[in-house]
Amino acid sequence: MSSTFETLADISATVSILIKFGRDDILDSRVEFIAFLNELGFRYCGKLLTSTALSNMALDITTSQKRKLI
């Protein structure tokens with residue numbers, strides 16, 4: 001599996017944990033959520049995540065991988 005897919009799977013798991021612990025307020029703002037992910041150490045191509053990078057990550061994976069994430 002690609003590292004992009006694995007990173008998106010980890011981000012998805014992080015979202016799930018935030019929701020389960022009642023901290024879904026972090027998800028209200030895309031900017032704040034991306035800053036939160038950067039604080040956790042998530043990276044894309046070795047660089048800090050940005051809104052564009054997160055969108056590009058979703059474009060970089062296959063339809064089959066997207067279904068697995070959902």
Side-chain angles (χ1 to χ4, degrees):
M1 288 189 204
S2 72
S3 64
T4 300
F5 173 76
E6 291 171 359
T7 300
L8 286 172
D10 289 344
I11 290 171
S12 191
T14 301
V15 168
S16 178
I17 290 168
L18 288 171
I19 292 168
K20 287 176 183 163
F21 282 92
R23 290 305 317 262
D24 51 322
D25 58 301
I26 294 171
L27 306 174
D28 290 342
S29 165
R30 186 176 176 104
V31 172
E32 289 179 19
F33 176 59
I34 291 171
F36 178 77
L37 293 175
N38 283 322
E39 287 294 320
L40 292 177
F42 284 97
R43 299 291 182 264
Y44 179 63
C45 297
K47 298 180 182 178
L48 292 175
L49 287 179
T50 62
S51 184
T52 302
L54 195 56
S55 296
N56 288 340
M57 290 172 74
L59 295 173
D60 288 345
I61 62 174
T62 66
T63 302
S64 173
Q65 289 173 322
K66 288 176 185 174
R67 286 188 186 120
K68 287 179 184 177
L69 286 176
I70 294 170

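Quick note: numbers below take in every heavy atom, side chains included, and nothing from hydrogens, waters or symmetry partners. Note that the numbering runs from 1 along the sequence shown for the chain.
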message = To the nearest 0.5 Å, what is the distance between OG1 on Thr63 and CZ on Arg67?
response = 6.0 Å
key: Point-to-point distance, once rounded to the nearest 0.5 Å, from OG1 of Thr50 to CG of Leu37   = 11.5 Å
message = Using the rule that Ile, Leu, Val, Met, Phe, Trp and Tyr join whenever any side-chain heavy atoms are under 4.5 Å apart, tell me whether Ile19 and Phe36 fall into a single cluster.
response = yes
Using every non-hydrogen atom in the two residues, find where [X] and [Y] come nearest and quote the distance to one decimal.
X	Y	answer
Gln65	Phe5	O-CE1, 3.3 Å
Leu49	Met57	CD2-SD, 3.8 Å
Leu69	Ala9	CD2-CA, 3.4 Å
Leu40	Thr14	CD1-CG2, 3.8 Å
Lys66	Ala58	CE-O, 2.9 Å

Audit row: Leu48, Phe42, side chain to side chain contact (heavy atoms under 4.5 Å, CB included) steps and yes/no = CA-CA 7 Å; Leu48 292 175; Phe42 284 97; over 6 Å; no
ask   = Any side-chain heavy atom of Ile34 within less than 4.5 Å of one from Ser51?
value = yes
remark   = Which of Thr7, Thr52, Thr4 passes side chain to side chain contact (heavy atoms under 4.5 Å, CB included) with Tyr44? It is Thr4
query = So, does Ser16 use its side chain to make a donor-acceptor pair with the main chain of Ser12 at under 3.5 Å?
reply = no
ask   = Quick one: salt bridge (charged side-chain N to carboxylate O under 4.0 Å, His left out) pairs with a partner in residues 39-60, sequence neighbours left out?
value = none
Partners passing salt bridge (Lys or Arg N to Asp or Glu O under 4.0 Å) against Asp25 (at least two apart in sequence or in another chain) = Arg23
task = Evaluate side chain to side chain contact (heavy atoms under 4.5 Å, CB included) for Phe33 paired with Leu18, printing each intermediate quantity in order.
result = CA-CA 11 Å; Phe33 176 59; Leu18 288 171; 4.3 Å; yes
